[in-house]
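These notes concern the structure reproduced below.
Chain identifiers are assigned alphabetically (A, B, ...) following the order of the sequence lines, protein sequences preceding nucleic acid strands; residue numbering begins at 1 within each chain. The shown structure was predicted, so the numbers you read here are calculated from the model rather than taken from an experiment.
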Amino acid sequence: MDSSTVFIQIGAIVGAICTLAIFSVLFKENPYYRLFEHIFIGLAAGYGVFVTWRDVLYRLWWEPMINRGQWWWALAIAGGGMFYFIYSKKHQWISKLLFGALFGLGAGTFFQGFANTYFPMISASFKSVVPPMDVPLTDAIVASANDLVFVLVLITVMAYFFFSIDHKAKAMRGTASLGRWFLMFAFGAMFGSTVMARMSLFIGRVDFLVSDVPRMFWPYAVGAAILIGLIYFFFVEKKRRLNQDAEPKTG
Amino acid sequence: MIGITMIPAEVFVPKSGTMLWLLVAAMTAVSILFLVILTQVPSRYRKPMVMAATFICGWFYLVEFAIPSPRDAVTANSYLRKAEFNLRLAEHSITPHYGDPRGRVDPKINGGAERIKKARESVDKAHLYLSKAAEEIARIRVLREKDYIRACDEAERFKNRYGLTEKMIERSADDHKIIDLRTKALKKRVSDLGEALSKIKENDEAVMSAAAGLSDSSASKQREARDVLSAAADGVALIRTSISDNFLTKYQPPASNILSVIYGFSIGLGILSLMTIHGKNIAKARPGYYNSIAFYAALIIMAVAAFLNEYWKSAPSFVKPMFQEVLFNGALTSLQATMFSLVAFYIVSAAYRAFRIKSAESALMMAAAFIVMLGIVPVGVAMTSGLHGNLSWLRLDNIQNWIMTVPNMAAQRGMAFGIGVGGLAMALRIWLSLERGSYFDKQM
Amino acid sequence: MAIILYKILSARAGKQLFIRRIPGLSAIDEAVGRGTELGRPMLFSMGLSGLGIVAIQALSILGHIIKVAARYRTRILIPVADPVLYTIAEEAARDAYESEGAPEAFNRDDVMFLTGDQFAYASGVVGILNREKVSSVFYFGDFYAESLILAENGQQVGAIQVAGTPQIMQIPFFIAACDYTIIGDEYYAASAYLSREPTLLGSLVGQDFGKAIILGIIIIGVISAGVLSITTNSAIDAMLIRFINAFGG
Amino acid sequence: MDFLVRLHKIDRRVMYVVLAAVTTTILYTTWLRQPIEVTPEVRKAYQTVEHLPKNKIVLVSIWWGPGTVAENRPQMEAIVRHCFKRGVPVVILPWDQVGSNLAYNRVEQVAKEMGKVYGKDWAAFGFRPAADQAVLGLRSDFQGTFKRDRFNTPLSEIPVMKNVKNWQQIGAIVETTPSGTVGLWINFIGQPYKIPIIYCPTGVMVPEGYNFLDAGQIKGMLPGLIGAAKYEYILKQPGFATRAANALSASHVLIILLIILGNLGYIAAGRRENR
């Protein structure tokens, strides 16, 4: 066994411990989960710092500034520094200046995206509800019925979202509530169609525990689990119950 | 990229050695000075300044988007537009039913011969416009190419005058020219135009081959011709967008770089927040402080290992597998994947609780979910797999497919339009500083 | 866009406007009230939103909730996944407390950054939900696959939950697990509905006009498509194709 | 009646345990068969592999990681088994860091089982970033683009890859992916050189896949985990995918059952109140 295989196996065992820790929250939030939750956030934050440095600050800022002599990048410190004024009560507004600029950019990019996203959707909604003539009759009816349903659902759903018309108004009542029903139907469908993907995720984890984690891990794991369970029950839980009896409940 | 405006403003010259460090220090000082000056701004000017910053930043993207196309491609663009229009017309002429790929136009009945003739005419017109557009694009391409060479020469001269080192200049891979923002934009323009040319040629060939198939009245040939025409029309529309950038487009990448860098600085804030909260936990030995210690340990070990793995060239051999196999593959990705897989459980309890026949609405949700869930798995499909022929539309997998593509798609689109318009209104309010609420109303 | 602007301006000029009831949004005040009754903290999550208009809308709603909460000195926890948004959320929270005259109720540690990693963020929020035994939870912002993880845990600790997101695919999960869910672009109606500020109401009516225009275009488009399927008249064909094409490319 | 009413409020933990138990048990129950109907896109994929020449390699592109391992790995495994069975050489090409290990380990297991030798019958590359450049490069200069395999052995010393110079020695591309990456292969390999592509997307990406299939841009598809199960069914080698498909069916049925029970309880509870 070479050293890289050993590390892969250690990795798999670490992975198994982490996996079991996260699954334990399904039963109840517990110290074991809590510990790994903090480790998780620590790992993700640590990796995040590294990725931000490597992909953003180093690549786009430090490298051009120091290695290519583009000294003007040092001015970016002014922009980045503005964030840190939120800690000052008196000069808070400086961070607001930066946020204002960022808000503006956010709004601008939305304007740009709007036409690209929604115009094609509009033209794709032009369905012909007239039955086609040169195909077999049943096909023609099906095709035109599909288009009709599509247009009907689209229109009623959009009608539901009009805010300035009272839904109690006569013309709106039927349309809007029909729209809401269609919406609920669609939500049910979206829900149902997601189940399989999520179940396969769980199957993936089970498969990982069974076929990727070295077998020798399991006896130790079961032993450790029993031990921890006993310790938890006798020390922590007992103490807690004693405390509960002793003191009246607060907050 | 050497600089935003290297050639016209000769101030922006890359430096090296002591001079570089001096300048960097000076610019840092300028930045700090700028921030100090900002602290002295009287409060009545503050709000207008924020509003102006918002407006200007939004304006950049809006204008870039709203200005249609550069001066040089206006003619080509109009030719392409006409070509596209004729292609769509031709496609329609041989489509018996709008938006339906089936069926055929029979030359013998219902004015079919007339329609085929019209389609041919339109295709010929499209061909004509395409070749005109190609000519026009070839013409402006030559012009841009000349501009590019001129700009490169200038950049070369510039390099010699200021003695820039190899490290400080960027060269294009193919012709060893110095690249700065302007040459880069020109180079991209030339290659875009070249690509557009070849695309036009491709589409034109496809169109002509489709035209040859038009007189064949068999359904499959017609369908093929229709597909080609519609693809060609889409292709032409794409070409139009690919040659339609304007004077602001080239500033988009640098703008987004600057933005990324400024964003990058904010990571410190986040980490600072995390570290103070957990630091306080440890310092005050609050209940569960050992979790905070674990957090610190994980944060530091991960960050250190990642940096060592990336930058320490002569690291001992265990560093790489330690980071990659244990910390990254073993811990981080397992945690992510398991957290994600919890959804499998929650989806069950949520479904159990929510799908009750309390109201028509939840009953409808339940019905749709039932059909879709059964329609995807083999067991459900097998339940109705006996239905054939006229009844085959009743099969669960077919119904499931229909639900997902017809009513579900329509409902999603109806919502999407609302969300789009809502977002647009919001963006407008932000941009013009018309938004209200505690954060926006506050005096500064 | 022009219509939205016109409506905003005319509303500012004092024109009265009608807005229908949105049940999910009416529930926000109820949820805040319950938090106060139980004396337990509340939680407001913006999901994975980065800085953009979705997040700004979420901040508006947050401002409103804090204002109500501040009156009763109820704590509100705000875990955030984006460092820039974290800074803004902190400011927004502080401002909201100050505008209610309760700056001392603002605790900086209640606004916390939890890493931008999707599931690390989710695990952190799950931990907070359980440990703090929150009374009410608000989800407003961009949510993805973690939506159900958060909402089910909130449900388990017995919190009253209100959610809204422009991410259409996540709405069914919120509907299943939350007490009130606002759907689709009700999300963007929230700040207008809650504040009754004329500018925002005007903008909301403007949105309605915008949607009406889209709806009109679609109806005309559908009719054109139908006509195109029947006629062989070339002049009409050309005209209709031109119309359809206007939205195609 | 009381029993029915209790169905109204089953504790969530009971449901979780039942779900985990049922899924896991069925996942490792080998004799269970559910009726599987093979769809044309899977049959096409099978036919494509069945007719591959034995002197060209099959490139198996790996985009997935632990997130979608349950869907993508069985797809990969089913096709690799088929190739091994026919004696078609397989080369694993991972673009994901974690997926690189997961894929390698599984193929190694399969190879051991079927008596295939690394280097002679199959090979694997290490994780590579920048897929687009690699794909562009391998068309004309396979050796120069990749240089070394997973264990840093030069390609010239690996029998199965020694003679692969460019696209002409590639028999097929198998794309196993959780995201929209297949366009890369279609545009640069499939369309220009008419090399068949077998597309193995995850369940959520399937609808898009049918468009490629209709246009003839891919020569077969394994839609998600169920697709892999169907493939195993044609191969007559039921493996993990078949069992996992059983487990999926079971979990779907379980959810439906739970919902029905919940509603029964709800109705019963309502009746009791009315009384």
Side-chain angles (χ1 to χ4, degrees), chain B residues 101 223-224 227 231 321 323-325 328-330 332-358 362-363 365-367 369-386 395-397 401 404-405 408-409, chain D residues 8-20 23 33-37 39 65-70 97-102 127 203 206-207 210 214-215 223-226 229-230 233 242 245-263 265-267 270:
Chain B
R223 182 177 173 179
E224 206 173 283
D227 287 351
F323 165 69
Q324 216 146 66
E325 302 303 339
F328 190 80
N329 293 357
L332 188 58
T333 48
S334 290
L335 287 166
Q336 285 167 338
T338 313
M339 202 67 208
F340 196 1
S341 76
L342 287 185
V343 186
F345 293 93
Y346 292 138
I347 219 169
V348 177
S349 49
Y352 171 76
R353 231 177 331 95
F355 294 162
R356 292 280 163 86
I357 41 174
K358 271 182 218 166
S362 62
M365 264 185 97
M366 184 174 82
F370 268 25
I371 300 170
V372 172
M373 275 196 282
L374 280 177
I376 340 186
V377 288
V379 159
V381 175
M383 276 163 57
T384 52
S385 63
R395 291 175 50 144
L396 272 176
D397 43 340
N401 200 13
M404 292 312 288
T405 49
N408 174 44
M409 177 91 91
Chain D
H8 179 33
K9 284 180 186 150
I10 304 177
D11 186 62
R12 65 190 166 83
R13 281 165 223 174
V14 176
M15 287 191 276
Y16 295 161
V17 170
V18 172
L19 175 78
T23 320
R33 296 280 176 277
Q34 62 175 329
I36 285 184
E37 199 181 347
T39 37
T68 59
V69 61
Q97 228 171 42
V98 189
S100 154
N101 289 335
L102 295 173
F127 155 71
V206 168
Y210 284 108
D214 272 347
L225 185 58
I226 306 290
K230 290 173 180 170
Y233 182 80
T242 309
N246 292 342
L248 281 184
S249 282
S251 64
H252 278 67
V253 172
L254 182 71
I255 295 176
I256 290 176
L257 221 61
L258 280 172
I259 296 173
I260 293 174
L261 288 180
N263 277 299
Y266 175 72
I267 295 167

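Y16(D) touches chain B through backbone and side chain together, each having a heavy atom under 4.5 Å away. For M366(B), the part sitting under 4.5 Å from any heavy atom of chain D is the side chain, from C-beta outward, and nothing else. For a residue to count as touching a neighbouring chain, one of its non-hydrogen atoms must lie under 4.5 Å from one of that chain's; by this rule Q336(B) does not touch chain D.
Atom OH of Y233(D) has 12 or fewer heavy atoms from other residues, nucleotides or ligands within 6.0 Å.
Ranked by heavy-atom pairs under 4.5 Å with chain D, the list S334(B), G380(B), A351(B) is led by A351(B). Among the candidates K230(D), Q97(D), R12(D), K9(D), the residue making the largest number of heavy-atom pairs closer than 4.5 Å to chain B is Q97(D). Interface summary for chain D: among S349(B), A337(B), A382(B), the most heavy-atom pairs under 4.5 angstrom belong to S349(B). The choice from I376(B), V381(B), D397(B), V348(B) that makes the most heavy-atom pairs within less than 4.5 Å of chain D is V348(B).
Note that the OG atom of S362(B) and the CG atom of N263(D) stand 8.0 Å from one another [nearest 0.5 Å]. To the nearest 0.5 Å, atom CD1 of residue I347(B) and atom CG of residue L19(D) are 10.5 Å apart.
With sequence neighbours excluded, no residue forms a ring-ring contact (aromatic ring centres under 6.0 Å, His included) with F370(B).
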Distance-only check: which donor-acceptor pairs under 3.5 Å involve side-chain atoms of residues 250-260 of chain D, not counting sequence neighbours?
from	atom 1	to	atom 2	distance (Å)
S251(D)	OG	A247(D)	O	3.4
S251(D)	OG	L248(D)	O	2.8
H252(D)	ND1	L248(D)	O	2.9

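Between the side chain of Y352(B) and the backbone N or O of I10(D), at least one donor-acceptor pair lies under 3.5 Å.
Residues S385(B) and E37(D) approach most closely at CB-OE1, 3.9 Å, considering heavy atoms.
Side-chain contact check for E325(B) versus N101(D): some heavy-atom pair is nearer than 4.5 Å.
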